Amino acid sequence: MAKIATGALRGENAKVGSSPYGKPEKKGEPKTEDLSKTLLLIDPTKITTFRHKDRQPEELEDDPTFHELVAEFENGGINVQPILIRPYRPAPGEKPIPGIEYEEIFGYKRHQAALRAQRAEKQVLCVFEDLSDEEAHTRMVKENKSRSGLAAWSKAMSWNNALSNKLSTKAKLAADEGVEEETIDAYLRVLEIVPDRIIKHIDMHKLGIEALFELRSALLKLDADTEKQKRYEDLVIEGAQVVASRKATKAFFANLYEKVSPSSGTGKAIEPRTLSSGRNKLVTLKPGKTGYTVTVHRTAAKALDLEEFEKLVAEALDKKGVKLS
């Protein structure tokens, strides 16, 4: 382990780019030294990943920036942006991992690139802080908001993990992520219904959120018919190559549903519709057997009270010749 002094990283090995961090000082500082917020060069094999990490390993192989990082490390470079680490403490009931001294909090891609690099002496630039699980999770969420976006499936799993392990409340998580609580609920509902056999056979992280919502919608509509639901699941699994090529859109899952449960009249399934403003849902219309339900989400409800909404509906019906009694 080498501590970094103030200054600029220079020298033959600084090939990733300029950095505000200085040259390594002498190695071998005692481990009892207070390393809080100190910049360190550490062997990445001594670091394990955060047990509550939000990014899934499968995402890395499809990320060109990850492979660029690996090449830069192999060419003798070092990461310009440090990863955040804390002391490694096994979870209750967990056996300690031999040789591990630190746990990576954020910087998963950089850490994995340093590990993957074929290089005699591996080093990764780190910042050390002693953080609780809750503090570590908050730092990870805030850091990763400004970096490459997570897959929708990974985000859903991460949010579920954070709430299940009481690392955050839904309100705090929504504030940290910059989303509405209803958005978190919608992502979590996808996890609740997608069966393990689908998760096992297709690359869930290659599906966008609209495709995941459509998959959930189809599974819900088929929930009462075991035979049709199994047939639908089979068709989804058969389409694994389409998913792998990132061509499995919302329409793909709607078309599979139509094969299993053809609709009458138009020949096309009636899909739920959502009115949105930016990242916030406003109104959702969901078809049913005898009509459809309307959900007015928080952002719209704040702008439009119940009486105003009732008046708009009444006026629309009046124009169609339907009078309210």
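Because the structure is a prediction, the values reported are computed rather than measured. Residue numbers count from 1 along this sequence.
In this structure, the side chains of Val190 and Leu215 stay at 4.5 Å or more apart for every pair of heavy atoms. Counting heavy atoms from C-beta on, the side chains of Phe252 and Lys247 never come closer than 4.5 Å. In this structure, the side chains of Tyr108 and Phe50 stay at 4.5 Å or more apart for every pair of heavy atoms. Within the 4.5 Å cutoff, no side-chain heavy atoms of Glu210 are placed close to those of Thr249. When side chains are defined from C-beta on, Arg246 does not count as touching Asp203, because their heavy atoms never get closer than 4.5 Å. You'll find the side chain of Glu307 reaches within 4.5 Å of the side chain of Asp305, heavy atoms only. At a threshold of 4.5 Å between non-hydrogen side-chain atoms, the residues Leu312 and Leu304 count as touching. At a threshold of 4.5 Å between non-hydrogen side-chain atoms, the residues Ile78 and Phe73 count as touching.
Put simply, Leu115 and Ile47 are part of two different groups of oily side chains (I, L, V, M, F, W, Y) that touch within less than 4.5 Å, one to the next. Under the 4.5 Å side-chain heavy-atom criterion for ILVMFWY residues, a single connected hydrophobic cluster contains both Tyr187 and Leu219. Criterion: ILVMFWY side-chain heavy atoms under 4.5 Å apart, direct or through other members. Under it, Phe213 and Leu222 are part of a common hydrophobic cluster. Ile100 and Leu40 are not part of a single hydrophobic cluster, where members link through side-chain heavy atoms under 4.5 Å apart. Connection of Leu60 to Val243 is not established within any shared hydrophobic cluster, with ILVMFWY side chains joined at heavy-atom distances below 4.5 Å, either directly or through further cluster members.
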**OP:** Kindly determine whether Ile202 and Val236 satisfy side-chain contact (heavy atoms from CB on, under 4.5 Å), including the steps that lead there.
**Re:** CA-CA 8 Å; Ile202 72 172; Val236 171; 4.0 Å; yes
**OP:** Using the side-chain contact (heavy atoms from CB on, under 4.5 Å) rule, take Leu212 and Arg216 through it: C-alpha gap first, then chi angles, then the decisive distance, then the call.
**Re:** CA-CA 6 Å; Leu212 286 172; Arg216 175 185 179 273; over 6 Å; no
**OP:** Quick one: do Glu72 and Asn75 satisfy side-chain contact (heavy atoms from CB on, under 4.5 Å)? Show the steps, please.
**Re:** CA-CA 5 Å; Glu72 289 172 341; Asn75 289 330; 5.7 Å; no
Original post:
Can Leu39 and Val127 be said to form a side-chain contact (heavy atoms from CB on, under 4.5 Å), step by step?
Top reply: CA-CA 5 Å; Leu39 290 166; Val127 173; 3.3 Å; yes
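Atom CD1 of Ile85 sits about 10.5 Å away from atom CG of Leu131, to the nearest 0.5 Å. With rounding to the nearest 0.5 angstrom, the OH atom of Tyr232 is 5.5 Å from the CG atom of Leu256. Interatomic distance, NZ of Lys170 versus CG of Asp185, reported as 3.5 Å (0.5 Å rounding). Atoms CD1 and OG1, on Ile105 and Thr138 in that order, are 11.0 Å from each other to the nearest 0.5 Å. Here His137 contributes atom NE2 and Leu173 contributes atom CG; the two are 6.0 Å apart, rounded to the nearest 0.5 Å. Atoms CH2 and CG, from Trp159 and Leu188 in turn, are 8.0 Å apart once rounded to the nearest 0.5 Å.
Partner of Arg86 under the salt bridge (charged side-chain N to carboxylate O under 4.0 Å, His left out) criterion, out of Glu103, Glu101, Glu135: Glu103 alone.
Between Val260 and Arg231, the closest heavy-atom pair is CG2-CG, 3.8 Å. Closest approach of Ala152 and Gly208 over heavy atoms only: CB-C, 4.2 Å. Between Arg139 and Phe106, the shortest heavy-atom contact is O-CD2, 3.7 Å. Nearest heavy atom pair, residue Thr49 against residue Gln112, reads CG2-NE2, 3.4 Å. Taking each heavy atom of Glu181 and Arg298 in turn, the nearest pair found is OE2-NH1, 3.9 Å. Of all heavy-atom pairs spanning Arg51 and Ala91, the tightest one is NH2-N, 3.3 Å.
Within the 3.5 Å criterion, the main-chain N or O of Ile97 finds a donor-acceptor partner in the side chain of Tyr88. In this structure, the side chain of Ser261 does not engage the main chain of Glu258 through any donor-acceptor pair within 3.5 Å. The backbone N or O of Gln81 sits less than 3.5 Å from a side-chain atom of Arg110, completing a donor-acceptor pair. With hydrogens and angles ignored, the 3.5 Å screen pairs a side-chain donor or acceptor of Ser164 with a backbone N or O of Asn160. At least one donor-acceptor pair closer than 3.5 Å links the side chain of His111 to the backbone N or O of Pro44. A donor-acceptor distance shorter than 3.5 angstrom exists from the side chain of Asn79 to the backbone of Leu125, with no hydrogens or angles considered. Between the side chain of Thr169 and the backbone N or O of Lys172 there is at least one donor-acceptor pair closer than 3.5 Å. A donor-acceptor distance shorter than 3.5 angstrom exists from the side chain of His201 to the backbone of Arg197, with no hydrogens or angles considered. Proximity of a side-chain donor or acceptor of Asn161 to a complementary backbone N or O of Met157 within less than 3.5 Å is not detected. Panel note: side chain Asn165, backbone Leu167; no donor-acceptor pair is recorded below 3.5 Å.
Annotation: Glu74, atom CD; neighbour count of heavy atoms from other residues, nucleotides and ligands within 6.0 Å is above 12. Counting heavy-atom neighbours within 6.0 Å of Glu227 CD, excluding the residue itself, gives a total of 12 or less. Counting non-hydrogen atoms of other residues, nucleotides and ligands closer than 6.0 Å to CD of Glu310 gives a total of 12 or fewer.
Residues Lys109 and Thr65 have side chains that bring a donor and an acceptor to within less than 3.5 angstrom of each other.
The pair Arg89-Asp130 counts as a salt bridge, with a side-chain nitrogen and a carboxylate oxygen less than 4.0 angstrom apart. Using a 4.0 Å cut-off between charged nitrogen and carboxylate oxygen, Lys230 and Asp234 count as a salt-bridge pair. The pair Glu180-Lys281 fails the salt-bridge criterion, with no side-chain N (NZ, NE, NH1 or NH2) lying under 4.0 Å from an Asp/Glu carboxylate O.
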